[in-house]
Amino acid sequence: EEITEDHHRYSISEAVVSTQSTGPLITTGNKAEVAAAQRGYFKEHSDRTNSILLGDNIEDIQMSSCVEEYAENVLTVGFLNDRVEDRMELYLSKFDIVILNDPDFTDVIDLLEILQ
């Protein structure tokens, strides 16, 4: 079975294990570059003026520059999972919202329901 998600195509075996992937491999080190290469996607969907960026790494905030060109409203949510005391000030200065200690997505879902 093949599924496509966000420009990535995956072939899935019966054991639900990804057996093949096409498209760029996205890593912590190249997220911003891959997002920048997808500017056409953001331009194509420029009628969607609201965007939410979720990141668990301080460098993830750089991806918002690709979206800000087309979105009127960008809400950034940072997940701060370790070295909380050392990193809290930095995360609060970069992200609009900071969620601590590796939670599930309940807080994000609650936020989306409030914003509806």
Side-chain angles (χ1 to χ4, degrees):
E1 172 185 3
E2 284 196 359
I3 57 173
T4 301
E5 180 180 312
D6 294 332
H7 304 291
H8 289 62
R9 186 178 8 221
Y10 301 92
S11 298
I12 306 296
S13 70
E14 288 181 22
V16 191
V17 174
S18 178
T19 57
Q20 179 182 3
S21 174
T22 60
L25 176 63
I26 302 172
T27 67
T28 301
N30 73 353
K31 286 179 185 179
E33 291 173 29
V34 172
Q38 299 296 325
R39 285 192 189 276
Y41 172 85
F42 297 114
K43 185 174 183 178
E44 180 180 332
H45 297 284
S46 61
D47 59 319
R48 298 179 181 182
T49 59
N50 300 315
S51 182
I52 297 177
L53 176 110
L54 306 173
D56 64 353
N57 188 307
I58 198 66
E59 287 82 16
D60 291 342
I61 198 71
Q62 296 170 2
M63 291 187 298
S64 67
S65 65
C66 300
V67 177
E68 289 170 342
E69 184 175 341
Y70 301 103
E72 291 176 22
N73 306 298
V74 179
L75 179 66
T76 59
V77 180
F79 295 93
L80 179 52
N81 302 320
D82 57 23
R83 295 178 33 204
V84 172
E85 289 182 20
D86 295 338
R87 296 178 176 172
M88 178 65 89
E89 188 174 324
L90 177 60
Y91 270 65
L92 288 172
S93 73
K94 300 292 183 181
F95 291 99
D96 298 314
I97 297 171
V98 177
I99 300 175
L100 304 177
N101 301 320
D102 204 19
D104 60 20
F105 268 68
T106 301
D107 293 331
V108 174
I109 293 167
D110 290 346
L111 175 65
L112 293 174
E113 288 175 354
I114 290 169
L115 294 175
Q116 255 184 357

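Nothing fancy with the numbering, it's 1 onward along the sequence.
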Requested in this report: Output the distance between atom CG (Leu90) and atom CD1 (Ile61), rounded to the nearest 0.5 Å.
Outcome: 10.0 Å

**Report entry** For Val77 against Leu111, the heavy-atom pair lying closest together
**Finding:** CG2-CD2, 4.3 Å

Query raised in the report: Minimum heavy-atom separation for Tyr91 to Ile58, with atom names?
Result: OH-N, 3.4 Å

Query raised in the report: In terms of hydrophobic clustering (I, L, V, M, F, W, Y; side-chain heavy atoms under 4.5 Å; direct or indirect links), are Val84 and Ile97 co-clustered?
Result: no

Report summary line: Tightest non-hydrogen contact, residues Lys94 and Thr76, listed as O-OG1, 3.9 Å

Query raised in the report: Taking only residues at least two apart or on different chains, which pairs with a member in residues 96-116 satisfy ring pair (Phe, Tyr, Trp, His ring centres under 6.0 Å)?
Result: Phe79-Phe105

Query raised in the report: Same cluster for Leu75 and Leu54 if Ile/Leu/Val/Met/Phe/Trp/Tyr side chains link at under 4.5 Å?
Result: yes

Requested in this report: Kindly say whether Asn50 contributes a backbone atom to a donor-acceptor pair with the side chain of Asn73 at under 3.5 angstrom?
Outcome: no

Query raised in the report: Any chain of hydrophobic side-chain contacts (each under 4.5 Å) joining Ile99 to Leu115?
Result: yes

Requested in this report: Hey, could you give me the CG/CG distance between Asn101 and Leu80, rounded to the nearest 0.5 Å?
Outcome: 7.5 Å

Report summary line: Between Leu53 and Asp60, the two heavy atoms sitting closest are CD2-O, 3.7 Å

